[in-house]
Number of protein chains: 2
Amino acid sequence: MNMTNHEQRLLSRNIQPTAMRIRILSFMVENKSALGLPDLEETFTHADRTTLYRTLKTFLEHGLVHQINDASGITKYALCSENCTCSYPDDVHVHFYCTSCEQTFCFPHLGIPHYDLPENFIPSHGSFVITGSCPSCSS
Amino acid sequence: MNMTNHEQRLLSRNIQPTAMRIRILSFMVENKSALGLPDLEETFTHADRTTLYRTLKTFLEHGLVHQINDASGITKYALCSENCTCSYPDDVHVHFYCTSCEQTFCFPHLGIPHYDLPENFIPSHGSFVITGSCPSCSS
DNA sequence: TATGTTATGCAACTCAATTGCAAAGATCAG
DNA sequence: CTGATCTTTGCAATTGAGTTGCATAACATA
Ligand SMILES: [Mn+2]
Ligand SMILES: [Mn+2]
Ligand SMILES: [Zn+2]
Ligand SMILES: [Zn+2]
């Protein structure tokens, strides 16, 4: 649809908007849950795994997506909000991993509390994941 | 030392206290940080990887340890407190993953807040990990 | 001791993640 | 437009965590 929109979104993060990257960004925008490399492999069968891998890595390094470590053994990625800088704790929110369908969801409205960490523990990121059953799977 | 103590701890979780399991439990008690399978492999070079793997699995299934998914790509395990049932949210606490030494620490005194999840999301577990630099590494 | 159950060891395999290198494509100065 | 340069993509191979099937050893129990 409005590819120019996606191009600008990439450019705003200093990512060269190649055809491949626009297609992957588009897919992530349309998708409701976080995505892992295997998900992209299934969808973009024509593209090489390495390209998909490096695309996610580029997106992550430029702050277009954030990383989620759920219990699936697959590193998931989800789009950041427009003004997100992935800073701790303000831009960190809770995620939900469904053990049944193995999908991971962002809960951007659920922030994390401030923690007084023990002396000399310096935080920089956070991954807060609640595991359970999603609406589609909690019959 | 007091091996009988460890034996009782295993028995209280309905785990047969074999020599191997007592040795691994002992190692986990002495260790300050959470441990992954590769850590056990390095330490128990005489034992088979599968045995170590299944020991961790048994410990987990019987609630002797809890699981932590940090950004290391290695599933970590840490001992539960005596009366822990790993129930959400009461027995869930914050963890800290140091990207420098790749060690993961339990912060049992830092609990997690109650979250009002969206409709029909049923929680059962939680993995809350703050990433950064630990005292030894934040020079 | 005899018998059934559980734990351990060995070997093989799956799969996500990662790297080196070569080819293709884009960018830019002249 | 042309050639040099940089970036992106594709291909091939490897690493390493996790997992499984099956055989054997150790253990428990009668
Ligand atoms: Mn998210
Ligand atoms: Mn813990
Ligand atoms: Zn689900
Ligand atoms: Zn450290």
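Note that these values count all heavy atoms, side chains included, but never hydrogens, waters or copies made by symmetry. Numbered from 1 within each chain, the chains take letters A, B, ... in sequence-line order.
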Checklist outcome for this item: Taken to the nearest whole Å, CD/B:Glu61 to C1'/D:dT19 is 13 Å

Item to check | A:Asn69 CG - D:dG18 P separation (whole Å) | outcome: 13 Å

Item to check | Single-linkage hydrophobic cluster, 4.5 Å side-chain cutoff, A:Leu56 and A:Val29 together | outcome: yes

Item to check | B:Asn120 side chain to A:Ser138 side chain, donor-acceptor N/O pair below 3.5 angstrom | outcome: no

Next on the checklist: Rounded to whole Å, please give me the gap between CD in B:Gln67 and C1' in D:dG18.
Outcome noted: 12 Å

Item to check | Integer-rounded Å distance: D:dC27 C1' and B:Ile15 CD1 | outcome: 17 Å

Item to check | Spacing of B:Leu40 atom CG relative to D:dG18 atom P, expressed in whole Å | outcome: 10 Å

Checklist entry - Given the rule that I, L, V, M, F, W and Y join up when any side-chain heavy atoms are under 4.5 Å apart, are A:Phe96 and A:Ile68 in one cluster? => result no

Checklist entry - Sequence neighbours excluded, which residues qualify as ring-ring contact (aromatic ring centres under 6.0 Å, His included) partners of B:His125? => result none

Next on the checklist: Could you see if B:Leu60 belongs to whatever hydrophobic cluster contains B:Leu35? Use Ile, Leu, Val, Met, Phe, Trp, Tyr and a side-chain cutoff under 4.5 Å.
Outcome noted: yes

Item to check | Atom-to-atom span, CG of A:Leu10 to C1' of D:dT7 - whole angstrom | outcome: 15 Å

Checklist entry - Going 5' to 3' along nucleotides 8-17 of chain C, which nucleotides have protein heavy atoms under 4.0 Å from the base (write B), which only from the sugar-phosphate (write S), and which from neither (write -)? => result BBBBB---SB

Checklist entry - Within this structure, what is the CD-to-C1' distance between A:Gln16 and D:dC6, rounded to whole angstrom? => result 11 Å

Checklist entry - With a 6.0 Å cut-off on ring centres, are B:Tyr97 and B:Phe105 close enough? => result no

Checklist entry - Separation of B:Asn14 atom CG from C:dT6 atom P, in whole Å? => result 13 Å

